[in-house]
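Computed from a predicted model, the values in this text were never measured in an experiment. Per chain, numbering begins at 1; letters A, B, ... match sequence-line order.
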Amino acid sequence: MELTFWLLDVTYGVVGNAPELRLFGITNNDKRVLVLDRSFRPYFYVLPSGDSSTVLANVKRKLEGRVLGVELVKRRLFGGEVDAIKVTATIPEKVRELREIAAEIPGVKDVLEADIRFSQRYLLDMGVKPSNWVVVDQCEEVKGNYQVDLVCLAKTRPRMIEEHKLPNFRILALDIEVYNPRGMPNPDRDPIIIISTMTKEDGIKMFVADDSKNDAKIIREFVDYLRKYDPDIIVGYNNNGFDWPYLVNRSSRVGVKLTISRMGNPPEPSVYGHWSVIGRANVDLYNFIEEMGEIKVKSLDRAAEFLGVMRRDERVLIPGHRIYEYWDDKSKRDLLLRYARDDVVSTYGLAEKLLPFAIQLSSISGLPLDQVGASSVGARVEWMIFYEAVKRGELAPNREERPYETYKGAVVLEPRPGLHEDIAVIDFSSMYPSIMMKYNVSPDTLVIGDCNDCYVAPENNYRFRKTPEGLYPGLLRVLVESRRKVRELMKNYPENSPDWVLLNERQRALKVMANAMYGYCGWLGARWYRREVAEAVTAWGRNLLKTVIEKARSLGLPIIYGDTDSLFVKNIGDKVDALINYINNELGFDVKVDKVYRRVLFTEAKKRYVGLTIDGEVDIVGFEAVRGDWAEVAKDVQENVAEIVLKTGDVGKAVAYVKSIIDKLKAFQFDIDDVIIWKTLDKSLNEYKVLTPHVAAAKQLIEAGYKVGKGDMIGYVIVKGGGAKLAYKVKPYILIKDIREIDVDYYIEKQVIPAAMRILEVLGVKESQLMEGKAGKSILDFFQ
DNA sequence: GCGGCGCTACTACCT
DNA sequence: ACAGGTAGTAGCGCCGCG
């Protein structure tokens with residue numbers, strides 16, 4: 001039979017002495033299927049130095065009887081033709097020892113592609129990416145003990161087809177609550193008290209322990225339910241870091257089998273720190289929130305609020321360390337149940353918002369849906385390149401340890417300080433990808449030495465062959481072209497309709513991947529790393545901006561500021577048009593007026609400005625107001641000052657406003673949330689060389705029994721008393737009992753005034769004006 | 001013993 | 001565990017100081 005399915009998960013096993021690929025999918029008529037392929041074997045390459053036939057003979061002699069085949073093949077490496085010896089093994093588990101033996105054979109220069117996971121190797125060679133539709137022309141039904149509607153053995157190789165629609169997934173959100181009377185729960189002693197799930201069909205299910213807190217029963221009920229519901233996708237929030245390891249640990253402790261995969265086995269730890277549930281996609285939504293810079297404090301409730309899933313003031317919030325209190329106190333237990341419910345509903349809601357993008361990332365990168373979130377940006381780009389490389393017969397270089405080296409980046413212009421009226425922002429669209437495509441910049445087109453048909457980078461003179469098209473530019477062209485097509489398709493659907501949303505997520509993912517290519521090429525961890533490639537790209541970028549600046553000058557168009565690929569100029573219609581035409585037509589790069597500011601204010605600092613767009617929106621860039629590590633009260637003041645200044649031009653009004661906030665602080669008229677300073681703990685506590693305030697606060701938290709470590713956000717406030725350093729005056733905000741402990745002078749002097757003055761100083765306001773007297777004086781007082 | 005100063009550590013931002 | 005360029009706060013060590 002012919003079978004068409006959407007590829008959800010892939011794994012392999014060894015049957016007899018042969019590997020068996022297992023492709024789990026969903027058909028277009030809603031059947032869960034498993035396709036087995038026993039026709040593929042693991043292999044790797046050996047690179048000979050010197051005479052390849054001699055080395056081939058050596059390899060054959062040495063590996064005879066241990067491998068299925070040794071053959072000489074033609075491949076490419078960084079664009080150059082090479083002889084390679086392809087060694088085919090019986091089963092994946094043998095590859096490691098074979099590669100070690102092979103590396104020692106005389107005449108062997110290198111062993112390549114011997115570190116590729118077998119299931120990924122298979123997909124690469126088939127040109128099949130997960131989260132896409134796949135056809136197997138001949139599949140023969142077989143018996144098998146799997147939780148699917150159909151198992152078949154592939155008689156032909158799978159092939160990917162282009163089709164954007166998605167199957168009807170069964171999605172299950174999962175969240176557990178644990179009894180934790182001693183701080184951070186420990187699975188050796190602390191039982192699970194609530195397991196909550198949510199699905200579209202069954203709604204919310206809560207498996208709640210009884211007073212004996214015997215969790216064997218609820219785990220068993222949960223397992224039964226999960227198997228009955230049979231989800232394709234399981235989502236959680238930090239489930240890779242908490243729920244799964246805890247559940248696995250607890251269930252083995254209480255003797256319950258977590259037979260939840262489609263092969264009946266428990267979840268197991270896998271690559272990139274993710275937990276795999278065979279035949280299903282286990283997705284940790286926290287991974288995607290981690291990447292969203294706009295969300296500063298990445299707790300589930302805040303993420304859900306930010307994405308419009310659930311408001312924080314409409315849900316139950318319980319501090320993690322007090323969960324047990326809400327369990328023990330029966331009058332509060334109902335609150336705990338509502339809290340658990342809100343969490344699982346939030347998780348399900350987040351999945352609706354985030355899965356469409358995750359699916360597209362998986363489909364484009366070639367990483368399975370359950371891995372793509374946990375993987376790094378570098379890994380996603382690398383797999384995408386790998387697919388393109390295999391298509392071209394280009395061998396993947398090994399990962400190498402490289403010494404840290406830096407290279408020159410973009411230009412940033414000194415801004416013209418002050419308040420400017422009517423400013424246009426001209427932006428290059430995808431400057432670096434465009435440069436890479438235009439000048440064929442790629443690790444495989446780089447020429448060391450003479451070249452008579454090359455593009456030559458400015459400043460550093462790196463040279464790139466004009467033909468054939470390189471790996472990076474070729475891939476970028478595919479991404480750009482696909483994105484153009486997808487955006488074209490979007491026009492056929494009403495905005496925000498399901499089809500439109502799907503395509504929109506796809507075009508977004510295509511853009512994200514294209515824009516990540518430059519960063520990848522300068523990443524020391526990249527297989528296809530070439531410093532010259534990254535250096536050439538930035539050199540061309542600097543050159544481009546410089547050329548545009550010169551042109552603007554020759555047109556008599558005043559420049560206010562510029563950074564990397566943008567230029568802020570006076571909005572003089574014909575001159576701006578002339579500049580844009582010049583860039584588009586004569587330089588051959590795509591630029592557009594990204595936005596026009598009615599007013600925009602710069603200080604002397606780069607990368608910081610506030611502007612009022614012609615649509616009446618206030619943009620704040622770089623300033624404290626958009627930083628996560630300033631107190632809300634200061635950010636708020638700065639934002640309002642900016643708005644007043646930009647909208648009314650009334651500096652006096654802004655000054656009066658700042659004074660009113662200072663007065664409120666002095667009178668303790670504020671909320672604790674307004675004075676919390678959040679900072680990320682970027683290292684483990686013992687790695688810090690200096691005692692910074694947030695480190696001091698973190699130590700206090702540990703003292704108080706909390707578990708904090710690398711990667712955590714520390715929220716602290718500055719309190720009265722203390723000593724010479726600020727670090728002696730900090731206190732974690734959760735330990736604050738009375739708002740009068742707060743040192744309001746600190747907030748006035750070190751937060752509110754600096755934040756306000758940043759904007760006001762350039763308008764001639766003196767700091768003393770914010771301090772003197774009370775607010776509400778005549779506005780005239782504030783002008784010299 | 002302490003304030004001033006310059007440097008380093010640290011975080012978070014922009015493109 | 002995708003890049004470099006940048007601003008800003010706080011800590012720390014050193015200097016001078018009869």
Side-chain angles (χ1 to χ4, degrees), chain A residues 271-273 290-291 293-294 296 365 374-382 384-385 399 401-402 404-415 425 427-432 472 512-529 531 533-539 541-542 545 561-568 594 603-609 619-631 634-635 677-683 687-696 711 713-714 718 723-730 746 749-751 754-755 757-758:
Chain A
V271 287
Y272 313 120
E290 264 182 307
E291 293 179 23
E294 315 91 287
K296 312 285 178 199
S365 67
S375 70
S376 64
V377 174
R380 293 172 199 166
V381 172
E382 190 147 283
M384 182 176 69
I385 295 175
R399 288 207 191 87
E401 286 283 322
R402 299 187 177 91
Y404 180 72
E405 52 181 344
T406 176
Y407 63 89
K408 205 165 158 192
V411 260
V412 188
L413 306 186
E414 290 288 347
V425 184
D427 258 317
F428 281 82
S429 10
S430 302
M431 185 200 243
Y432 287 174
Y472 287 7
V512 165
M513 293 298 280
N515 287 341
M517 294 268 301
Y518 155 71
Y520 172 85
C521 83
W523 174 42
L524 290 172
R527 286 177 190 267
W528 281 277
Y529 171 79
R531 191 195 72 252
V533 170
E535 276 191 289
V537 172
T538 57
R542 291 190 297 273
L545 200 68
Y561 176 65
D563 184 350
T564 312
D565 60 356
S566 71
L567 221 50
F568 290 57
D594 191 49
T603 66
E604 284 178 359
K606 296 171 174 181
K607 299 193 184 278
R608 298 186 147 208
Y609 54 90
D619 276 353
I620 304 185
V621 179
F623 282 115
E624 287 76 4
V626 295
R627 292 181 62 99
D629 57 351
W630 280 70
K635 303 203 304 177
I677 297 165
W678 292 94
K679 270 193 165 70
T680 310
L681 213 51
D682 272 347
K683 299 184 273 206
E687 290 176 80
Y688 282 91
K689 294 177 185 166
V690 292
L691 183 71
T692 62
H694 78 302
V695 169
M713 280 287 253
I714 309 296
I718 305 302
K725 338 183 222 194
L726 198 56
Y728 300 147
K729 287 167 65 69
V730 301
Y746 171 82
E749 286 162 24
K750 300 290 188 174
Q751 293 273 330
M757 282 306 292
R758 204 82 65 202

| query | With no angle test and no hydrogens, is the base of C:dT6 tied to the side chain of A:Arg608 by a donor-acceptor pair under 3.5 Å? | reply | no
| Taking OH from A:Tyr529 and P from C:dC2, how many angstroms apart are they, rounded to a whole number? | 14 Å
| said: Under 4.0 Å, heavy atoms only, any strand: does A:Gly525 hit a base, just the sugar-phosphate, or nothing? | reply: nothing
| said: Does B:dA12 have OP1 or OP2 under 4.0 Å away from a side-chain N or O of A:Thr680? | reply: yes
| C:dA7 OP1/OP2 closer than 4.0 Å to side-chain N/O of A:Lys607 | no
| request: Decide yes or no for A:Tyr520 and A:Ile385: does some side-chain heavy atom of the first lie under 4.5 Å from some side-chain heavy atom of the second? | output: yes
| query | Does A:Ala605 or A:Trp523 map to a spot on DNA chain C nearer the 5' end, using the closest nucleotide for each? | reply | A:Trp523
| query | Counting any heavy atom closer than 4.0 Å, what does A:Leu524 reach on the DNA or RNA strands: base, sugar-phosphate only, or nothing? | reply | nothing
| field | Closest non-hydrogen atom pair, A:Arg380 against A:Met513 | value | O-CE, 3.6 Å
| Relative to A:Tyr688, does A:Lys683 satisfy both conditions: NZ or CZ under 6.0 angstrom from the six-membered ring centre, and within 45 degrees of the ring's axis? | yes
| message | So for atom NZ, which belongs to A:Lys750, do other residues, nucleotides or ligands contribute more than 12 heavy atoms lying within a distance under 6.0 Å? | response | no
| request: Remember a base hit wins even if backbone is also touched, and classify A:Val626 as base, sugar-phosphate or nothing at under 4.0 Å, heavy atoms. | output: sugar-phosphate
| message | Before you tell me yes or no, could you show the steps for A:Tyr404 and A:Leu524 under side chain to side chain contact (heavy atoms under 4.5 Å, CB included), namely the whole-Å CA-CA distance, both residues' side-chain angles and the distance that decides it to 0.1 Å? | response | CA-CA 7 Å; A:Tyr404 180 72; A:Leu524 290 172; 3.8 Å; yes
| query | Picking from B:dC10, C:dC2, B:dT11, which would you name as closest to the side chain of A:Lys689? | reply | B:dC10
| said: If I compare all heavy atoms of A:Val626 with all of A:Val621, which pair ends up nearest, and what's the gap? | reply: CG2-C, 4.3 Å
| said: Categorize A:Tyr688 for me: base, sugar-phosphate, or nothing, with a 4.0 angstrom heavy-atom threshold over every strand shown. | reply: sugar-phosphate
| A:His694 vs B:dC10: side-chain N/O to OP1/OP2 distance below 4.0 Å | no
| Length of the NZ-P vector between A:Lys683 and B:dA12, whole Å | 12 Å
| request: Select base, sugar-phosphate, or nothing to describe what A:Val381 touches, counting heavy atoms under 4.0 Å on all strands. | output: nothing
| C:dT9 phosphate, OP1 or OP2: any side-chain N/O from A:Tyr746 under 4.0 angstrom? | no
| query | Atom OH of A:Tyr407 to atom C1' of C:dG5: distance rounded to whole Å? | reply | 12 Å
| Presence of A:Lys725 side-chain N/O under 4.0 Å of C:dC12 phosphate oxygens OP1/OP2 | yes
| request: Calculate the interatomic distance between A:Glu401 atom CD and C:dA1 atom P; express it in whole Å. | output: 13 Å
| remark: Among the nucleotides C:dC12, C:dA7, B:dA12, whichever has the atom closest to the side chain of A:Asp629 is B:dA12
| Under 4.0 Å between a side-chain N or O of A:Lys296 and OP1 or OP2 of B:dC13? | yes
| query | Starting at OH of A:Tyr518 and ending at C1' of C:dG5, how long is that distance when rounded to a whole Å? | reply | 10 Å
| Separation of atom NZ in A:Lys750 from atom C1' in C:dG8, rounded to whole Å | 12 Å
| task | For A:Ala727, report the nucleic acid contact type (base, sugar-phosphate, nothing); a contact means any heavy atom under 4.0 Å. | result | sugar-phosphate
| request: Ignoring the backbone of A:Leu726, work out which of C:dT6, C:dA10, C:dC12 is nearest its side chain. | output: C:dA10
| task | Answer yes or no: does a side-chain N or O of A:Thr406 lie under 4.0 Å from OP1 or OP2 of C:dG4? | result | yes
| query | Separation of A:Glu687 atom CD from B:dC10 atom C1', in whole Å? | reply | 13 Å
| said: If the cut-off is 4.0 Å, is A:Ser376 near the phosphate of C:dC2, judged by side-chain N/O to OP1 or OP2? | reply: yes
| According to a strict under-4.0 Å criterion, is A:Tyr609 in side-chain N/O contact with OP1 or OP2 of B:dC13? | no
| query | Is A:Lys408 salt-bridged to A:Glu535, cutoff N-O under 4.0 Å? | reply | no
| Contact class for A:Phe623 vs. all strands (heavy atom < 4.0 Å): base, sugar-phosphate, or nothing? | nothing
| request: Mind listing the closest non-hydrogen atom pair of A:Thr603 and A:Pro415 along with its distance? | output: O-CG, 3.6 Å
| said: Counting the atoms with a prime plus P, OP1 and OP2 as sugar-phosphate, which does A:Gly522 contact under 4.0 Å by heavy atoms, base, sugar-phosphate, or nothing? | reply: sugar-phosphate
| request: Pick base, sugar-phosphate or nothing for A:Arg758, based on heavy-atom distances below 4.0 Å to the nucleic acid. | output: sugar-phosphate
| Heavy atoms under 4.0 Å, any strand shown: does A:Val621 hit a base, just sugar-phosphate, or nothing? | sugar-phosphate
| Heavy atoms under 4.0 Å, any strand shown: does A:Ala534 hit a base, just sugar-phosphate, or nothing? | nothing
| task | Write down the distance separating the P atoms in C:dA1 and B:dC10, rounded off to the nearest Å. | result | 16 Å
| Spacing of A:Met431 atom CE relative to C:dG4 atom C1', expressed in whole Å | 14 Å
